[in-house]
Every structure is written in structure tokens, then in C-alpha cells.
Amino acid sequence: MRTRFAPSPTGFLHIGGARTALFNWLYTRRHGGTFVLRIEDTDQLRSTDESTRAILDAMTWLGLNWDEGPYFQAERVVVHRQMVQKLIDEGKAYYCTCSSEDLEAKRKKAMAEGRKPKYDGACREKGLRRSPDSVVRFRCPEMGVTVMHDLIKGNISFNNEELDDLIIERADGYPTYNFAVVVDDAQMGITHVIRGDDHVNNTPKQILIYEALGYEVPLFGHVPMILGSDRARLSKRHGATSVMAYQEMGYLPEALVNYLVRLGWSHGDQEIFTIEDLIHAFSLEAVGKSPAIFNPEKLLWLNQHYITACPEEKLLALVTPFWERKEFDVSDRRYAALAAENLRTRSKTLVEMADSGAFYFREEVDYDPEAAAKFLTTEYVGYLEVVAERLPGVANYTKDGIEAFLRSLAEERGTKLKWIAQTVRVALTGRTVSPGIDEIMVILGKERVIRKIRRAIDRIRAGG
RNA sequence: GUCCCCAUCGUCUAGUGGCCUAGGACACUGGCCUUUCACGCCGGCGACCGGGGUUCGAAUCCCCGUGGGGACGCCA
């Protein structure tokens with residue numbers, strides 16, 4: 001069994017493409033087949049090397065390794081031209097000199113008149129020869145029915161009269177998609193073509209080309225589209241669509257993979273899947289037929305799940321670049337690891353984790369104005385002073401020891417722990433929301449804590 | 001417009017004629033825990049698009065509507 005993923009290098013790998021690649025990859029791994037990567041770069045104008053690289057990077061980041069390739073379609077034009085010639089020789093294709101402008105005008109007219117815009121066959125029987133601006137068209141049968149057997153959608157049949165004589169070779173001598181894809185898939189021995197729903201209408205034309213060329217027709221599987229919240233095709237308007245943008249936003253590849261696979265596919269009530277689970281459980285029969293709407297909240301939830309489940313060293317390795325990006329000194333790995341552990345249950349993304357951990361790495365506390373106005377006041381400064389004074393004498397400097405210390409202080413002062421904790425919290429982190437104050441104090445260490453508290457006291461004494 | 005496809009909570013989905021007073025998850029929401037937040041735990045809200053059939057019995061099968069998506073390029 002051989003499958004392929006065949007993106008065109010005209011942009012980044014997007015969410016939809018990634019899911020198609022993932023389904024291909026899982027199906028192939030499940031059945032022990034060979035996964036081929038082919039770059040469809042026959043559009044000379046829009047294909048770029050940067051896009052190719054970006055797509056490869058994204059595939060790698062997601063863990064979708066390929067067994068063969070990447071092959072570049074544009075490097076195979078000689079083969080494509082041979083096959084075009086073969087069709088011409090056999091009378092199954094012909095030259096056409098209709099201009100793009102004429103065709104466009106005819107298309108518009110047909111649409112306006114409520115007809116299906118379809119090539120009128122003007123050059124079909126002219127017996128034209130190759131000329132500088134001629135293209136080659138495939139001679140489509142005008143009657144009969146072509147049926148596609150789809151692994152996801154079941155049988156779909158098309159009346160051949162609906163199909164038209166599509167261009168298979170452009171004036172620039174490069175093959176068009178519908179032709180190149182057939183030649184390449186056939187010659188690369190692809191047995192299962194798993195791709196987006198938007199290709200369903202291309203399939204009958206492709207089947208006809210397979211047959212004209214004497215190739216065996218592969219099995220198809222068309223996966224439904226991913227839509228945005230307004231049910232329109234997913235686009236930038238709905239937020240990030242590039243896979244690598246999710247890496248930058250602090251998502252784990254496991255989360256994206258898990259989210260994407262559940263978009264259209266399910267396995268009973270299971271929500272969380274490891275790659276191993278997926279390889280064992282995945283099947284195209286369980287892929288739904290209807291389009292799915294991309295839901296960023298659920299992806300966020302999964303990301304949080306994977307951050308929570310991530311092994312300690314791995315989590316540290318993952319956040320570190322995000323901290324470095326903020327120019328924090330994270331050279332003390334033991335300290336950084338403690339900070340990461342402390343932040344994990346309250347971070348939905350690595351970016352969030354990096355941001356909320358700023359107080360661990362910056363000497364200067366960035367006080368939230370509202371928090372400071374409420375707690376860094378002469379009313380509460382006494383709490384800070386007593387903490388700073390007595391902290392050096394706290395022998396049991398642990399989470400429990402610190403909590404006991406703060407509680408006894410509250411009792412002594414006739415107040416609730418809450419008020420002391422919040423004041424200290426703002427002094428140490430700059431905000432009213434943070435991890436447990438005792439945990440923070442343990443990780444920061446006595447010296448750092450005292451320094452930060454003294455600085456807060458100075459700030460209050462200076463009048464805010 | 002023409003052709004193709006699809007249709008269960010707001011969203012992702014379970015469900016393949018009786019197990020369904022329709023299950024799970026996200027989101028939302030009430031409570032518990034609590035030094036704030038988060039996590040966690042317990043509870044709540046919330047759907048079979050409509051109409052006809054078939055059947056003893058339909059979310060499940062058929063037909064017609066309606067709605068949504070896709071395709072209609074010398075893009076892929």
C-alpha cells in the first residue's frame with residue numbers, strides 16, 4: 001500500500017492540509033504502507049522554495065515523517081510531456097488555440113444564462129498542430145457515466161456529459177494539475193489517494209485520464225473540509241491557519257495532532273489519543289462525511305492537557321525558547337525547571353507560561369497598576385515589613401513552613417491570611433493572580449523574596 | 001445558475017431499527033476545595049432541520065423540501 005501527500009508550495013502548510021497529511025500518515029502507518037511526499041510545483045509563477053521549506057518544517061514539527069521524497073513534480077515534466085504526446089498520438093487529446101479571454105467570456109456568458117460553464121469544443125475537431133500559444137486538451141467522452149468508489153463517501157457517479165475537455169498541458173509546456181497528478185500517482189504506484197473534499201469533482205476527470213493512459217485507477221478517500229466559525233471555508237479571517245503559527249503561539253504538536261484528528265474522525269467517546277493509540281485505532285471508515293468547524297477553544301483545552309501531561313525535562317525544553325525570546329536569564333536550569341513546574345497547571349500555551357513566569361526571571365517587578373493601588377499601600381505596608389524582617393529567621397523554609405509562618409502572622413495581626421498573602425503576592429509578582437504564594441517563595445528563595453519585598457516597601461514609602 | 005456532497009446540543013462527535021426518558025468532550029454555568037488564579041471533584045443548561053412514507057417499532061431505511069459546503073481556471 002502506498003499513499004502520498006502532495007501539497008503545492010504556494011504558501012505555508014495550513015490546518016486543512018495538515019489534517020489531510022495526518023490522515024494519510026495515520027492510514028499508512030496503520031497498514032504498514034509507504035508514505036510519499038510530493039511537491040506539486042508545476043505552477044511556475046506561484047511556487048517558491050520558501051514555501052516548500054515551510055511545509056517540510058511543519059510536517060516535521062507535527063511528526064509526520066515521509067518514507068519517500070520529497071519528489072518535485074516540476075522535475076518530471078519530461079515524463080508528463082511524453083504522456084501528453086501519447087494521448088495526442090492516440091487521438092485522445094488535441095491542440096487548442098482558444099484564447100484565455102474568449103474562454104473567460106464564454107464562461108461568464110454560460111453562467112449568466114444558467115448553463116454549466118464548459119468548454120464548447122471549438123478546437124476539438126480542427127486537427128490543429130502545436131503552435132507557440134497552443135494548449136493541449138483531453139478529449140473527454142461525451143456520454144456514459146464515471147463512478148468513483150470512495151473509501152469515505154461511498155460510490156459517487158457522474159454523467160460524463162457534465163465533464164469537459166480540460167487542458168492538460170499549458171502554453172508554457174507544463175502540465176496542469178489534473179494531468180500531472182494522475183501521471184505521478186500512477187507512476188509512483190500510489191494505491192490510496194486521500195485528499196480534501198474539494199477534489200471530488202476533479203476525480204471523474206482524473207479517472208478518465210487514468211483509463212486513457214492505461215493505468216490502474218487507485219482507491220480514493222475524500223476527507224471533508226474544515227470550516228470557520230461562520231461556516232465559510234477556513235481562512236485567515238478565522239484566526240491563524242498556518243501550522244507553524246501554532247508553534248509560535250505556544251502549542252504542542254501533540255495537541256494540534258490530537259485536535260485535528262478528532263475533527264472528522266472519532267473512536268467512541270475517546271478524546272485523548274497518543275500517536276500510538278491513533279496508529280492502532282485510525283480508519284477511514286470512521287471518518288465522517290460532513291464538514292467540521294474549527295474550534296480554537298477545544299484546541300486550547302487539549303494544549304493545556306498536553307502541557308499538564310508533559311514530562312518535566314521536556315516541558316522545560318519547550319518553554320525555554322519562549323523565555324529566551326523575552327530575554328530572561330534562564331541559565332540556572334534547576335531554577336527554571338522549578339518555575340516551569342509551578343506554572344504548568346495554569347498555562348494553556350507556552351506563551352502564556354512564559355508571560356506569567358516573568359516575575360521569576362526579572363529582578364524588577366512589573367506592577368499591575370490596579371493591583372499596586374489596592375495592596376501596595378500604607379495600610380498594608382506593615383505586613384511586608386514584618387515578613388521581610390522575620391523571613392531570615394524562618395527555619396523551615398518550605399511550602400508548609402512558609403504557610404505556617406504566614407498563618408501565625410495573620411493570627412498575630414488579627415487579620416485573615418488572605419490579606420497578607422495578597423499583599424505579598426503583589427509585592428513579589430506584581431499582580432493579584434499567581435501561583436500559590438508559598439510555592440513562589442520557596443522557588444524564588446529567601447534572598448530574592450526579601451529583595452523584592454524591600455523594593456515594594458520602598459515604592460510605598462516613596463508614595464507609590 | 002449547473003453538477004457533486006452533507007445534515008444529532010453553540011462546537012467536535014457517539015449512535016449503523018428496539019439497549020435512546022439520545023451518551024461523551026469543549027464552551028457556558030451552579031457548587032466544593034482555597035492565600036488569589038488555575039488544576040481537580042460534584043451538579044446544571046443544551047441537539048436528532050422540516051414534511052411525507054416503510055416498519056409492530058426510526059436519530060438510524062426511502063422520497064421530497066429546506067439549509068450548509070464544495071466544484072465549475074492555461075491554481076492545486
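Remember, it's a predicted structure, so these values are computed and weren't measured experimentally. Every chain is numbered from 1, with letters handed out A, B, ... down the list of sequences.
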Complementary nucleotide of B:C9, counting Watson-Crick and G-U pairs under 3.5 Å | none
Under 4.0 Å between a side-chain N/O of A:Arg233 and OP1 or OP2 of B:A71, yes or no?
-> yes
Just to confirm, is there a sub-4.0 Å distance from OP1 or OP2 of B:C5 to any side-chain nitrogen or oxygen of A:Lys289?
-> no
More 5' along RNA chain B: A:Tyr177 or A:Leu417, using each one's nearest nucleotide?
-> A:Leu417
Of all the choices, B:A76, B:C72, B:U35, which nucleotide is nearest to the side chain of A:Glu40 once you look at every atom?
-> B:A76
Of all the nucleotides listed (B:C74, B:C72, B:G70), which has the minimum atom distance to the side chain of A:Ala171?
-> B:C74
Interatomic distance at P, B:U29 relative to B:U13, whole Å | 24 Å
Provide the distance between the two C1' atoms, one in B:U16 and one in B:C4, to the nearest whole Å.
-> 24 Å
Rounded to whole Å, CG of A:Leu299 lies from P of B:A27 at a distance of 12 Å
5' priority, RNA chain B, between A:Asp41 and A:Lys399 [closest heavy atom] = A:Lys399
Atom C1', compared across B:G18 and B:A59: separation rounded to whole Å = 13 Å
Sugar-phosphate only, base, or nothing, as touched by A:His267 at under 4.0 Å among non-hydrogen atoms | nothing
Tightest non-hydrogen contact, residues A:Ala18 and A:Leu64, listed as O-CD1, 4.2 Å
C1' gap between B:A25 and B:A47, integer Å = 15 Å
Please report, rounded to the nearest Å, how far the C1' atom of B:C3 is from the CD atom of A:Glu113.
-> 18 Å
d(CD, A:Gln270; C1', B:G23) in whole Å = 15 Å
For B:U36, take OP1 and OP2 only and decide whether either is under 4.0 Å from a side-chain N or O of A:Thr432.
-> no
Checking all strands, does A:Tyr174 fall into the base, sugar-phosphate, or nothing category for heavy-atom contacts under 4.0 angstrom?
-> nothing
Expressed in angstrom and rounded to an integer, what is the separation of A:Gln44 atom CD from B:G73 atom P?
-> 22 Å
When we call it a touch if two heavy atoms are under 4.0 Å apart, what does A:Pro435 touch: a base, just sugar-phosphate, or nothing?
-> base
Under the side chain to side chain contact (heavy atoms under 4.5 Å, CB included) rule, what do A:Leu208 and A:Cys140 come out as? Steps first, then yes or no, please.
-> CA-CA 8 Å; A:Leu208 259 12; A:Cys140 245; 4.1 Å; yes
Length of the line joining A:Ile293:CD1 and B:U8:P, which is rounded to integer Å | 10 Å
Taking a pair to mean Watson-Crick or G-U wobble geometry with both distances below 3.5 Å, B:U60 pairs with none
For A:Glu162, answer base if it contacts any base atom (sugar-phosphate contacts may also be present), sugar-phosphate if it contacts only those atoms, and nothing otherwise; contact means non-hydrogen atoms under 4.0 Å.
-> sugar-phosphate
Residue-phosphate contact under 4.0 Å: A:Arg262 side-chain N/O, B:G24 OP1/OP2 = no
What is the nucleic acid contact for A:Gly436, judged by heavy atoms within less than 4.0 Å: base, sugar-phosphate only, or nothing?
-> base
Test for a donor-acceptor pair under 3.5 Å between the base of B:U35 and the side chain of A:Arg425, counting only N and O atoms.
-> yes
Nearest whole angstrom, please: distance from the C1' of B:G15 to the CG of A:Asp269.
-> 10 Å
Do the side-chain N or O atoms of A:Ser229 get closer than 4.0 angstrom to the phosphate oxygens (OP1, OP2) of B:G10?
-> no
Is it the case that A:Arg390 places NZ or CZ above or below the six-membered ring of A:Phe405, under 6.0 angstrom from the centre and within 45 degrees of the axis?
-> no
Take atom CG of A:Asn155 and atom C1' of B:C5, then tell me their distance rounded to the nearest Å.
-> 14 Å
A:Met441 CE to B:U36 P: how many Å, rounded?
-> 16 Å
Does A:Arg344 have a side-chain nitrogen or oxygen under 4.0 Å from the phosphate oxygens OP1 or OP2 of B:C39?
-> no
Does the side chain of A:Arg107 get closer than 4.0 angstrom to OP1 or OP2 of B:C74 through an N or O atom?
-> yes
Test item: A:Thr432 and A:Asp368 side chains (from C-beta on) under 4.5 Å apart, heavy atoms | no
Applying a 3.5 Å limit to both distances, which nucleotide forms a Watson-Crick or G-U wobble pair with B:U2?
-> B:A71
Euclidean distance for P, B:G31 against B:G67 (whole angstrom) = 43 Å
Can you spot which of A:Thr20, A:Asp197, A:Asp150 makes a side chain to side chain donor-acceptor pair (under 3.5 Å) with A:His222?
-> A:Asp150
If the P atom of B:G70 is compared with that of B:U54, how far apart are they to the nearest Å?
-> 37 Å
Are more than 12 heavy atoms from other residues, nucleotides or ligands located less than 6.0 Å from atom CZ of A:Phe12?
-> no
Is the ring centre of A:Trp265 less than 6.0 Å from the ring centre of A:Tyr27?
-> no
Looking only at side-chain atoms of A:Ser266, point me to the closest of B:C12, B:C74, B:A14.
-> B:A14
Return yes if the base of B:C37 and the side-chain atoms of A:Arg346 contain a donor-acceptor N/O pair under 3.5 Å, otherwise no.
-> yes
Above 12 or not: heavy atoms from other molecules or residues under 6.0 Å from CD of A:Glu370?
-> no
Kindly indicate whether the side chain of A:Asp197 and the base of B:G70 share any N or O donor-acceptor pair separated by less than 3.5 Å?
-> no
Where the side chain of A:Leu227 is defined as all heavy atoms beyond and including C-beta, which of B:A76, B:C26, B:G69 is the nearest nucleotide?
-> B:G69
Per atom distances to the A:Asn295 side chain, the nearest of B:C4, B:C12, B:U11 is B:U11
Mind checking A:Val200 for me? I need base, sugar-phosphate or nothing, with any heavy atom below 4.0 Å counting as a touch.
-> sugar-phosphate
When you measure from the side chain of A:Asp198, which nucleotide among B:C74, B:A71, B:G69 comes out closest?
-> B:A71
Closest to the side chain of A:Thr176, out of B:C39, B:A76, B:G24, is B:A76
Assign A:Ser290 to base, sugar-phosphate, or nothing according to its heavy-atom contacts below 4.0 angstrom with the strands shown.
-> sugar-phosphate
Name the closest nucleotide to the A:Lys298 side chain, picking from B:C12, B:G1, B:C3.
-> B:C12
Can you establish whether the number of heavy atoms outside A:Glu104 located under 6.0 Å from its atom CD is more than 12?
-> yes
Would you indicate what A:Asn159 reaches in the nucleic acid, counting non-hydrogen atoms under 4.0 angstrom: base, sugar-phosphate, or nothing?
-> nothing
Roughly how far apart, to the nearest Å, are B:C33 and B:C39 at atom C1'?
-> 11 Å
Where the side chain of A:Val433 is concerned, which of B:G24, B:U36, B:C39 is the nearest nucleotide?
-> B:U36
Under a 3.5 Å cut-off for both distances, is B:U55 Watson-Crick or wobble paired, and to whom?
-> none
Could you work out which one of B:A25, B:C6, B:A71 sits closest to the side chain of A:Asn201?
-> B:A71
Now, which nucleotide makes the Watson-Crick or G-U wobble pair with B:G43, with each of the two distances under 3.5 Å?
-> B:U29
Could you measure between the two C1' atoms, the one in B:C74 and the one in B:C9, and give it in whole Å?
-> 48 Å
On the ring face of A:Tyr174, is A:Arg81 found with NZ or CZ under 6.0 Å from the centre and within 45° of the axis?
-> yes
